[in-house]
Structures are given as structure tokens and as C-alpha cells.
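Chain letters run A, B, ... following the sequence lines, proteins first, then strands; residues in each count from 1. Remember, predicted model here, so these are calculated numbers, not experimental data.
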Amino acid sequence: MPELPEVESVARSLRRRVLGLRIAEVEAFPPKGKPVRRRLTGWGGGREARSAAAVPLSALAGKTIDKVGRRGKNLILECGGLALLFHLKMTGRFLWSRPGEPRGRHVHLVLRFRNPERELHFEDVRKFGLVRCRPLDGLAACPELRSLGPEPLDVSADVFFLRLKARRGRVKSVLLDQSFLAGVGNIYADEALFAAGIHPLAPAASLSRPRADRLWAAVRDVLSRAIRAGGSSIRDYRDADGELGSFQDEHRVYGREGEPCPNCGGPIRRAVIGGRSGHFCPRCQKR
DNA sequence: AGTTCCCTGAGG
DNA sequence: CCTCAGGGAACT
């Protein structure tokens, strides 16, 4: 569930910890029981993601972390000429630890620092997460990033409208498609559609310019407010400092099936849309 | 464009 | 026990 606001919050908390630190040692414990074409370049992703351009994780030793960034839901540590990419998927998490402290059961990567004597652990209970090292040069064209759409907080209303018009399918599914916009997931798609008064099953291409504008603004508003709140901590999301987000308190439809719509008081409905649960108010959200 | 699968802990 | 959660790849 880490979506754009959660990954952004992780990036910010991580930045305060590791920016400028030199990686002394790298220890990888790739998840077992996976297709065992495991090289030391990372894991996760499709078959094409294991391309020749991947770099061994051990190459990170001795490098200094000079940027902590985000692209969509991907977290990117830039180290010298290398980029260490993470996708947290459902349960990826970072822990700031000390050498000698017992390592958690689901820790798959450890970056060890000497000054200060600390460790960054990446853990992932469900093993869906992705870790990969790439050359920094040409990073935007790497398999993990190249098909991502624009950042929702950067895209203009004009471009948003044009891209929406070019899509077939339901607006909810289009919002979830990372090649349309990078970083929107289930929670924020539902919240943005509610805020814009648009039914999740409305065909994307059918939206008028004014309604598309409202959706564009709602996506920006929901995402930026969620970032300010440190993300949504339903279940177990925490940032790299272990801090919880608070945006779950501002959810108006997500996870509120049967509760009264904050707008009209009618019950919030839940329906499976594109294999994911969608939450909406059938009265306030028009097709 | 919709469905299945991956994976595991939490909750019924 | 069983079911559910869900991002995204790989199916159909």
C-alpha cells in the first residue's frame, strides 16, 4: 500500500538519515523460493527487469549516498554513478538500526555505515518488493522506470486531459495504471474520485474538460495533503524513522464501506473494479 | 480489459 | 480453519 505519499514520506525520512553517508558494506539476503536466476544485482520485477545493465549490489560498497529521490512509487538512492532502486509494493519497509542488534526475520538488504555506526535495513514480509542496482546514466530508461507516466504533482491540466481522452477503460483503472500517472494507488484513486464527484466506473475518455479538471485538481490536492500528513498508516505503514502517517483519519471513502457519505449521508459502497476493491458514494459520484 | 498469481500476517 | 489485503507481471 505504500503509494506516492507514503514513498515520498519514506524518502524524506531516509534523506535526513543517510544523505552524504558512505556505504561501508552491503549484505544481501535475497528472498528464497523465487525463480533462482538470482544474481547479485537485486531481485523482484519481471523477466525483462533482470537485464544486462543491472549492477551487482556489492558495487555500492564505498559509494556515498548523494541523493535520495522518488519516481512514482519507486525510491531511488543515488550513490556515485549508481542508483539503488526500491519498490516497496505492499510491505516493504526501512529500519534504521545499529550493528549487533538482531536482524529482523524479513530483512533482505543491509547497508552498513561506519560513521555513524549504523545500518539501514530493508525488510519485506511478503517478498513482493523490488531491489535493483542500475547505472545512474540513462536511469530513466531502465526497465523499472521507463514505462512510468508523468508525476501527478507535475503534470499540467492540459496534458492530464489529453492523456485521459486517449484512454479506454474505466477512470478508476486508468488512475491505477502507472503508465498513465506514476504513483497513484488504490487509496488515493478512490479518495480523488470522491473529491471530484466522479464515479469510478465512468469511462475515462467520456469525462468532459471541466470534470477532468476537477479530477486533476483532486488528485493533486489529495496527494499533497497526504504527503503533509506523512501518508496513510492503515495496517502497518511507517516511514524510515518508524513514524506513522495520519492521513487515514482524513479518508472519506477508502475503507469506509457502509459508513455514511460525508457529503450526503448515504452509505459508502464497495465494489471490485479491475480486481481491486473500490470505495465510492453512488449518489455523489456521477458516471 | 479482465483474471490469476505471487506471499504472509491479520482477522473472522 | 478460511478469507482478505494488494502492486504489478503475466496470463487469457
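Between the CE atom of A/M90 and the P atom of B/dC5 there is a distance of 18 Å, given to the nearest Å. The nearest whole Å value for the distance from the CG atom in A/N74 to the P atom in C/dG7 is 14 Å. Per the geometry, NZ belonging to A/K89 stands 6 Å off P belonging to C/dA9, to the nearest Å. For the pair A/L130 CG and B/dC6 P, the interatomic distance rounds to 18 Å; values are reported in whole Å. For A/R167 and B/dA1, the CZ to C1' distance is 12 Å, given to the nearest whole Å. Atom NE2 in A/H108 sits roughly 11 Å away from atom C1' in B/dT8 (whole-Å rounding). If you measure from atom CG of A/L148 to atom C1' of C/dG8, you get 11 Å, rounded to the nearest angstrom. Rounded to whole Å, the distance from CD1 on A/I273 to C1' on C/dA5 is 16 Å.
A/K73 has no carboxylate O lying under 4.0 Å from a charged side-chain N of A/E3, or vice versa, which leaves the two without a salt bridge. Between A/R112 and A/E117 there is no salt bridge, since none of the side-chain N atoms of the basic residue sits less than 4.0 Å from a carboxylate O of the acidic one.
Side-chain proximity of A/R270 to the nucleotides B/dG9, B/dA1, C/dA5 is greatest for C/dA5.
Residue-level contact check: A/T91 touches neither bases nor backbone, having no heavy atom under 4.0 Å from any strand. A/R105 comes within 4.0 angstrom of sugar-phosphate atoms only, judged by non-hydrogen atoms across all strands, and of no base.
Under 4.0 angstrom from either OP1 or OP2 of C/dG7 there lies no side-chain N or O belonging to A/Q178. In terms of phosphate contacts, A/K73 brings a side-chain nitrogen or oxygen within less than 4.0 Å of OP1 or OP2 of C/dG8. For B/dC7, neither phosphate oxygen OP1 nor OP2 lies less than 4.0 angstrom from any side-chain nitrogen or oxygen of A/H106. The phosphate of B/dG2 (OP1 or OP2) has a side-chain N or O of A/R170 nearer than 4.0 angstrom.
Each of A/V110, A/L111, A/V107, A/L109 was checked for a side-chain contact (heavy atoms from CB on, under 4.5 Å) with A/F122, and the lone residue meeting it is A/L109.
A donor-acceptor pair under 3.5 Å links the side-chain atoms of A/E191 to the main chain of A/R252, judged by distance alone.
Between the side chain of A/R276 and the base of C/dG8, at least one donor-acceptor pair of N or O atoms lies under 3.5 Å.
Ring geometry, A/H108 versus A/W43: the interplanar angle exceeds 60°, so the pair is classed perpendicular (tilted spans 30 to 60°).
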